[in-house]
2 protein chains.
Amino acid sequence: MPTPISHETSHEAMTRSGIRLTPQRRHVYESLMATPDHPTALEVFMRAKKGMPSISLATVYNCLDALTEGGVIRQVNCERASSRYCPNLVPHGHFFCKECGAVFDIPLKPSLEASWEVPSGTLVSHAELNLRGTCGSCTQRFKTSKL
Amino acid sequence: MPTPISHETSHEAMTRSGIRLTPQRRHVYESLMATPDHPTALEVFMRAKKGMPSISLATVYNCLDALTEGGVIRQVNCERASSRYCPNLVPHGHFFCKECGAVFDIPLKPSLEASWEVPSGTLVSHAELNLRGTCGSCTQRFKTSKL
DNA sequence: ATTTTGTTTTAGAATAATTCTTGATCTCAA
DNA sequence: TTGAGATCAAGAATTATTCTAAAACAAAAT
Ligand SMILES: [Mn+2]
Ligand SMILES: [Mn+2]
Ligand SMILES: [Zn+2]
Ligand SMILES: [Zn+2]
């Protein structure tokens, strides 16, 4: 059962970011917060329509862009697939299951920052770590079906 | 000046991978090897046309896919931009300059593998590290223009 | 409170990268 | 050499996303 989101929280998150608070942006943000997966814009749209039937896909794209721009959410990309969106602002990586398409947050250890070397003078503003493979339940399922 | 590519080398790389060797695939591969940047499919196409004027963009896409599938080259993605292609098979990350669009290979230290934690049972088959920021020469240029 | 100004929403059109389709051509194992 | 299957090429199609323009809205100014 997802943690209920207080309007205070989403209002705060959005005003903190400097973007104008609109009912659509708030609703898109809360649609995203309501589930811990990493939905695509289309999935957010389908969920958002439930509580706001008049919202359009273009608006969902606009809102997701504005929220991303304002740093309230993150856009997550894997290969060439549709962008996905993540409301978790704690720095983290992503794991993509090749079998079932699930996307998980991956906690990162501080040693990550020390594990690459850029040429001197380079300024790194953003680091992104993506893992691909087979998730625990898919691995389990394969083991079972091979018995 | 780029290291000259022997036909032996590209032939070997491709037959080793199990994909069928064709003149187009060899030519696309060598077009990619000829420069150390990370060209898009369209850029590869424009370069490949010089030595093989009859090649089509669809074929370049097909060849890049086949080579990627065969593990002879790597596809590199940054955000939603066009895919880029990299003939460097040594595991490495990528740095993308926000200012000039340059893409650099980033050597990785062994400590990288230890800097994330996946749930038990998860099998990670591929890790990808992307950095974004300002490259050395762009940083330098900005410093100079601010004097 | 009303007007002004700039922003956001919406629907649909447009775009751009990539993939698909199909007939012709090529490769390679037999 | 030959036939089956793979690949090529040109253009059409797809798909995710962005753009356009008019209407609705929100905040600021009068
Ligand atoms: Mn996430
Ligand atoms: Mn590279
Ligand atoms: Zn899975
Ligand atoms: Zn640069």
Side-chain angles (χ1 to χ4, degrees), chain A residues 10-11 14-15 17-32 38-49 51-70 72-85 96 101 103, chain B residues 7 10-11 14-32 38-46 48-70 72-85 96 101 103:
Chain A
S10 55
H11 183 283
M14 296 178 57
T15 53
S17 78
I19 68 172
R20 186 188 279 186
L21 181 63
T22 70
Q24 286 84 353
R25 287 178 182 173
R26 182 192 318 218
H27 187 66
V28 163
Y29 180 68
E30 293 183 358
S31 300
L32 189 59
H38 291 77
T40 62
L42 189 61
E43 287 164 349
V44 173
F45 173 57
M46 293 186 300
R47 293 173 196 184
K49 268 202 300 196
M52 187 180 270
S54 69
I55 200 169
S56 74
L57 179 56
T59 296
V60 170
Y61 270 108
N62 285 343
C63 292
L64 290 171
D65 276 1
L67 293 167
T68 302
E69 201 62 28
V72 180
I73 65 175
R74 288 176 53 185
Q75 189 186 60
V76 175
N77 294 296
C78 180
E79 317 249 282
R80 305 255 83 225
S82 307
S83 290
R84 296 174 172 278
Y85 296 87
F96 303 88
V103 183
Chain B
H7 274 201
S10 55
H11 183 281
M14 297 178 57
T15 53
R16 187 172 355 102
S17 79
I19 70 171
R20 187 186 277 187
L21 180 64
T22 70
Q24 285 84 356
R25 287 179 182 171
R26 184 193 317 218
H27 187 67
V28 164
Y29 180 67
E30 293 184 358
S31 299
L32 190 57
H38 291 77
T40 63
L42 190 61
E43 287 164 348
V44 173
F45 173 56
M46 293 186 301
K49 268 201 301 199
K50 297 212 174 95
M52 186 180 271
S54 69
I55 199 169
S56 74
L57 178 57
T59 295
V60 170
Y61 270 107
N62 285 343
C63 291
L64 291 171
D65 276 2
L67 293 167
T68 303
E69 201 63 27
V72 181
I73 65 175
R74 289 176 54 184
Q75 189 186 60
V76 176
N77 295 295
C78 180
E79 316 250 281
R80 304 256 84 224
S82 308
S83 290
R84 295 175 171 277
Y85 295 87
F96 302 88
V103 183

- Can you measure from CZ (Arg26(B)) to CG (Leu67(B)) and round to the nearest 0.5 angstrom? 12.0 Å
- Atom OG1 of Thr22(B) and atom OH of Tyr29(B): how far apart are they, to the nearest 0.5 Å? 14.0 Å
- For DNA chain D, whose closest nucleotide is more 5', that of Asp65(A) or that of Leu57(B)? Leu57(B)
- Task: Could you state the atom-to-atom distance from CG of Leu21(B) to P of dT27(C) in whole Å?
- Result: 9 Å
- Query: At under 4.0 Å between heavy atoms, what does Ser54(A) touch on the DNA or RNA strands: base, sugar-phosphate, or nothing?
  - Reply: sugar-phosphate
- Message: From C-beta outward on Ala41(B), which listed nucleotide comes closest to its side chain: dT17(D), dC8(D), dT18(C)?
- Response: dT18(C)
- Here the distance between atom P of dT7(D) and atom CE of Met52(B), to the nearest Å, is 15 Å
- Counting only side-chain N and O atoms of Arg25(A), is one of them less than 4.0 Å from OP1 or OP2 of dT8(C)? yes
- Message: Using OP1 and OP2 only, check whether a side-chain N or O of Thr22(A) sits under 4.0 Å from dT7(C).
- Response: no
- Out of curiosity, Gln75(A) CD to Asp65(A) CG, how far, rounded to the nearest 0.5 Å? 7.0 Å
- Item | Atom-to-atom span, CG of Leu64(B) to C1' of dT7(D) - whole angstrom | 15 Å
- Gln75(B) CD to dA17(C) P, straight-line distance once rounded to whole Å: 14 Å
- In whole angstroms, the gap separating P of dT8(C) from CD1 of Ile19(A) amounts to 8 Å
- When you check the phosphate oxygens OP1 and OP2 of dG11(D), does a side-chain N or O of Ser56(B) lie under 4.0 Å from one of them? no
- Item | Out of dT9(C), dT7(D), dT18(C), whichever nucleotide has its closest atom nearest the side chain of Asn62(A) | dT9(C)
- Interatomic distance, Leu32(A) atom CG to Tyr85(A) atom OH [nearest 0.5 angstrom]: 10.0 Å
- Whole angstrom is fine here: how far is it from CG in Asn77(B) over to C1' in dA17(C)? 12 Å
- Task: When you get a sec, tell me which of dT17(D), dT10(C), dC8(D) is the closest nucleotide to the side chain of Gln24(B)?
- Result: dC8(D)
- Message: Both Leu42(B) and Pro23(B) contact DNA chain C. Which one's nearest nucleotide lies toward the 5' end?
- Response: Leu42(B)
- Ile55(B) has an atom CD1; how far is it from atom P of dT25(C), in whole Å? 17 Å
- Determine, step by step, whether Arg84(A) and Cys78(A) satisfy the side chain to side chain contact (heavy atoms under 4.5 Å, CB included) criterion, reporting the C-alpha distance in whole Å, the side-chain angles of both residues, the deciding distance to 0.1 Å, and the verdict. CA-CA 8 Å; Arg84(A) 296 174 172 278; Cys78(A) 180; over 6 Å; no
- Quick one: which of dT7(C), dA16(D), dG12(C) gets closest to the side chain of Arg20(A)? dT7(C)
- Message: On the nucleotide dT18(C), are OP1 or OP2 found under 4.0 Å from the side-chain N or O atoms that Arg80(A) carries?
- Response: yes
- Under 4.0 Å between a side-chain N or O of Thr59(B) and OP1 or OP2 of dT7(D)? no
- Heavy atoms of Asn77(A) and Arg80(B) approach each other most closely as OD1-NE, 3.2 Å
- Message: Among dC20(C), dT17(D), dT10(C), which nucleotide has an atom closest to any side-chain atom of Ser83(A)?
- Response: dT17(D)
- Item | Value in whole Å for how far the P atom of dG11(D) lies from CZ of Phe45(B) | 11 Å
